[in-house]
Amino acid sequence: MRAAPLTRRMSTVLETPPPVRPGWRPIRKILAANRGEIAIRICRAATEMNIKTVAIYSKEDLGSLHRYKADESFQIGAGKSPVAAYLSAEEIVELAKKEGVDAIHPGYGFLSENTRFVQLCEEAGIIFIGPPSKVIHSFGDKTEARKLAVEYDVPIVPGTETSVSTVAEAAEFCESIGYPVICKAAFGGGGRGMRIVRSEDELEANFNEASNEAEKAFGDGSMFIERYVESPRHVEIQIIADGTNATHLFERDCSVQRRHQKIVEVAPSIGLPESLRESLYADAIRITKGAGYFCAGTVEFLVDPKTWNYYFLEVNPRIQVEHTVTEVITGVDLVQSQIRIAAGQKLHEIGLSQEEVAMRGFAIQARVTTEDPAEDFRPDTGRIQVWRPAEGFGIRLDGGNAYPGARVLAHYDSMLMKVTASALSFNQAADKLTRALLETRIRGVKTNIPFILNVLKHPDFVSGHATTSFIGDNPQLLDFTDARDRGDRKSVV
């Protein structure tokens with residue numbers, strides 16, 4: 001791992017824009033096609049670049065913070081469900097055309113991996129801040145991504161060659177490779193539309209549950225099935241590419257998961273052999289560069305901690321929730337880098353050639369959610385009465401729609417904010433994150449903070465040995481007798 005000199009300047013913000021040349025399109029107005037913290041993150045990045053911003057919101061999000069962080073905001077999805085409003089691809093593109101928007105940033109989730117949405121942007125002459133529709137299709141469809149992995153000699157686990165839509169198709173494949181398997185949404189991510197199936201008796205119920213969940217979250221219930229790898233580490237490589245060249249920004253370890261939802265993320269990963277690390281970087285670069293990848297993306301791998309064998313999992317062709325830890329250790333603003341590349345700049349023009357990227361220290365991100373860990377993580381709702389998040393040296397906060405008086409509703413993801421701690425050592429970063437969570441005061445809704453505090457002090461996490469089965473293997477993580485403050489007083493909306 002290379003360490004950056006203390007005087008190194010790693011910003012992607014240029015003092016003056018590059019000269020206009022073929023392929024260069026200035027962006028003056030961006031629409032954030034999302035909600036919550038990622039919409040705020042997009043607006044902040046654009047404002048720092050002197051770019052006007054547009055927010056969209058559903059009727060239920062009338063009082064949400066993200067609409068007030070933009071220069072303009074518009075309600076969408078009249079007559080639709082709270083989630084369907086943000087999936088209104090045609091309406092969003094028509095709004096962008098009407099309001100003179102140059103570019104649309106999809107964030108993560110919702111339409112970020114929707115090929116049709118990208119095509120609508122392309123047809124309307126609006127810049128999509130992400131890969132083109134062809135690349136989105138190749139990597140957004142997990143079966144197509146696996147074909148690319150095979151083509152570029154990246155190791156994979158056995159899986160379906162095409163997406164499947166019926167239990168009968170799934171049963172036929174499972175019979176050929178045996179159990180356990182994992183059913184995953186063919187077009188989506190973030191832990192939604194995923195179920196482990198350990199026997200034939202479990203297949204029908206789990207397949208249907210996963211498919212229905214994927215349909216609601218991504219508008220497509222098609223499934224992908226692969227052999228389930230027991231207790232691996234989940235390691236992902238951050239990529240930034242300009243269609244010709246690709247650069248890696250090192251790795252993140254996302255092994256601390258519950259029901260395939262990431263909870264705590266670390267950069268860089270702890271304890272990986274250097275040869276394995278370099279192999280993961282090389283494979284991630286080879287598959288994305290070979291596919292002509294464009295903008296930011298993440299190549300995800302499962303790593304067997306006993307043998308250090310690794311397997312390609314997927315490519316997420318978008319910004320990730322956990323991008324903050326990479327930004328902290330490298331100093332690279334990934335969202336601004338996306339915007340600049342979408343406008344036509346090359347990696348070397350924004351200081352992102354491989355030899356120019358370095359990292360320093362460690363970062364750990366925790367996702368603070370309105371879930372009650374004492375009640376099997378049941379999502380909580382209510383009105384936030386007290387909101388005092390932590391501050392201080394080495395702490396970064398990325399908030400969504402939380403403030404005193406805000407209503408937490410049941411329609412959307414339960415994440416309140418992301419707390420990212422950084423320090424020169426991993427243990428120091430964990431100590432800072434622990435202090436920040438202990439300092440945080442939230443009243444009116446229950447949160448998962450006591451659970452995260454237990455994770456941060458567990459020996460397997462502290463030593464860097466946590467795998468994806470870490471939470472399931474350690475029921476003591478749900479013992480909150482020593483918690484200083486649960487922050488869970490309930491209020492009625």
Side-chain angles (χ1 to χ4, degrees), residues 1-6 8-14 30 32 34 36-49 69 105-108 112 129-130 235-241 246-254 262 264-269 281 284 295-300 316 318-342 345 347 350-354 356-368 391-400 415 417-424 426 428-429 432-433 436:
M1 291 182 279
R2 289 171 289 170
L6 290 175
R8 189 175 185 86
R9 183 172 184 268
M10 292 299 299
S11 172
T12 62
V13 179
L14 301 182
I30 286 177
N34 216 297
E37 71 88 13
I38 190 59
I40 293 173
R41 175 74 183 87
I42 294 164
C43 289
R44 285 174 170 164
T47 299
E48 290 172 8
M49 299 172 71
K69 299 297 183 180
H105 195 306
Y108 52 74
S112 61
I129 301 178
V235 179
E236 58 188 33
I237 312 300
Q238 176 66 60
I239 292 293
I240 193 83
T247 294
H248 73 76
L249 280 77
F250 309 101
E251 82 279 1
R252 300 184 287 256
D253 193 306
C254 307
K262 300 168 186 174
V264 177
E265 296 102 343
V266 176
S269 188
Y281 297 157
C295 228
T298 305
V299 186
E300 305 200 1
N316 283 308
R318 52 175 168 80
I319 198 76
Q320 294 273 88
V321 178
E322 59 271 21
H323 74 275
T324 60
V325 290
T326 296
E327 291 185 327
V328 167
I329 66 168
T330 63
V332 174
D333 187 317
L334 283 168
V335 178
Q336 288 193 3
S337 299
Q338 286 183 294
I339 294 170
R340 294 185 181 280
I341 289 171
Q345 292 181 251
L347 292 177
I350 58 176
L352 289 182
S353 298
Q354 193 67 69
E356 297 177 276
V357 178
M359 65 174 166
R360 187 166 187 260
F362 293 82
I364 308 172
Q365 176 189 276
R367 305 188 190 192
V368 176
E391 299 175 344
F393 178 52
I395 297 298
R396 166 177 169 172
L397 300 178
D398 289 75
M415 187 167 66
M417 66 175 174
K418 303 184 302 192
V419 184
T420 304
S422 59
L424 293 179
F426 174 73
Q428 287 174 329
K432 283 185 180 291
L433 184 54

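Note that these values count all heavy atoms, side chains included, but never hydrogens, waters or copies made by symmetry. We count residues from 1, following the sequence as given.
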Could you work out, with side-chain contact (heavy atoms from CB on, under 4.5 Å) as the rule, every residue matching L397, not counting sequence neighbours?
P389, I395, M417, V419

For N34, give me all partners under side chain to side chain donor-acceptor pair (under 3.5 Å), at least two apart in sequence or on another chain.
none

Residues R41, I319; criterion side-chain contact (heavy atoms from CB on, under 4.5 Å); working and verdict
CA-CA 11 Å; R41 175 74 183 87; I319 198 76; over 6 Å; no

Taking side-chain contact (heavy atoms from CB on, under 4.5 Å) as the definition, give me every residue that meets it alongside T420, ordered by chain and number, with sequence neighbours left out.
T324, V325, V328, A363, Q365, R396

Shortest non-hydrogen separation from P268 to G361 and the atoms involved
CD-O, 3.5 Å

Can you find a pair of side-chain heavy atoms, one from D333 and one from E48, that are under 4.5 Å apart?
yes

Which value, rounded to the nearest 0.5 Å, describes the distance between I30 atom CD1 and I129 atom CD1?
4.0 Å

Salt bridge between E265 and R367, side-chain N to carboxylate O under 4.0 Å?
yes

Closest non-hydrogen contact found for K432 with G394 is CD-CA, 4.2 Å

Tell me the closest heavy-atom pair linking I239 and A284, and the distance in Å.
CD1-CB, 4.0 Å

The ring-ring contact (aromatic ring centres under 6.0 Å, His included) partners of Y108 (sequence neighbours excluded) come to none

Output for pair (K69 NZ, R44 CZ), nearest 0.5 Å, gives 5.0 Å

Flag the pair I339 / I42 as yes when at least one side-chain heavy-atom distance between them is below 4.5 Å, and no otherwise.
no

Within the side chain of E251, is there an N or O that forms a donor-acceptor pair under 3.5 Å with the backbone of S269?
yes

Under the side chain to side chain donor-acceptor pair (under 3.5 Å) test, residues paired with T298 that sit two or more places apart:
R252

Within the 4.5 Å heavy-atom criterion, are S422 and I329 side-chain neighbours or not?
no

CG on L352 to CD1 on I240, rounded to 0.5 Å
6.5 Å

Have R318 and Q320 got a donor and an acceptor in their side chains that come within less than 3.5 Å?
yes

Using a strict threshold of under 4.0 Å (side-chain N to carboxylate O), is an ion pair present between K262 and E300?
yes

Let me confirm one number: the CD-CD1 distance from Q428 to I364, rounded to the nearest 0.5 Å.
10.5 Å

Residues which pass side-chain contact (heavy atoms from CB on, under 4.5 Å) with S353, listed by chain and number, not counting sequence neighbours
H348, E355, E356

Calculate, to the nearest 0.5 Å, the distance between atoms CE and OG1 belonging to M359 and T330 respectively.
10.0 Å

S112 and P106 have their tightest heavy-atom pair at CA-CB, 3.6 Å

Rounded to the nearest 0.5 Å, how far apart are CD of E236 and CG of N316?
7.5 Å

Is the F250 ring parallel, tilted or perpendicular to the Y281 ring (thresholds 30°, 60°)?
perpendicular

In terms of heavy-atom contacts, I40 and G400 come closest through CD1-O, 3.2 Å

Over all atoms of both residues, closest heavy-atom pair of E327 and L334:
OE2-N, 2.8 Å

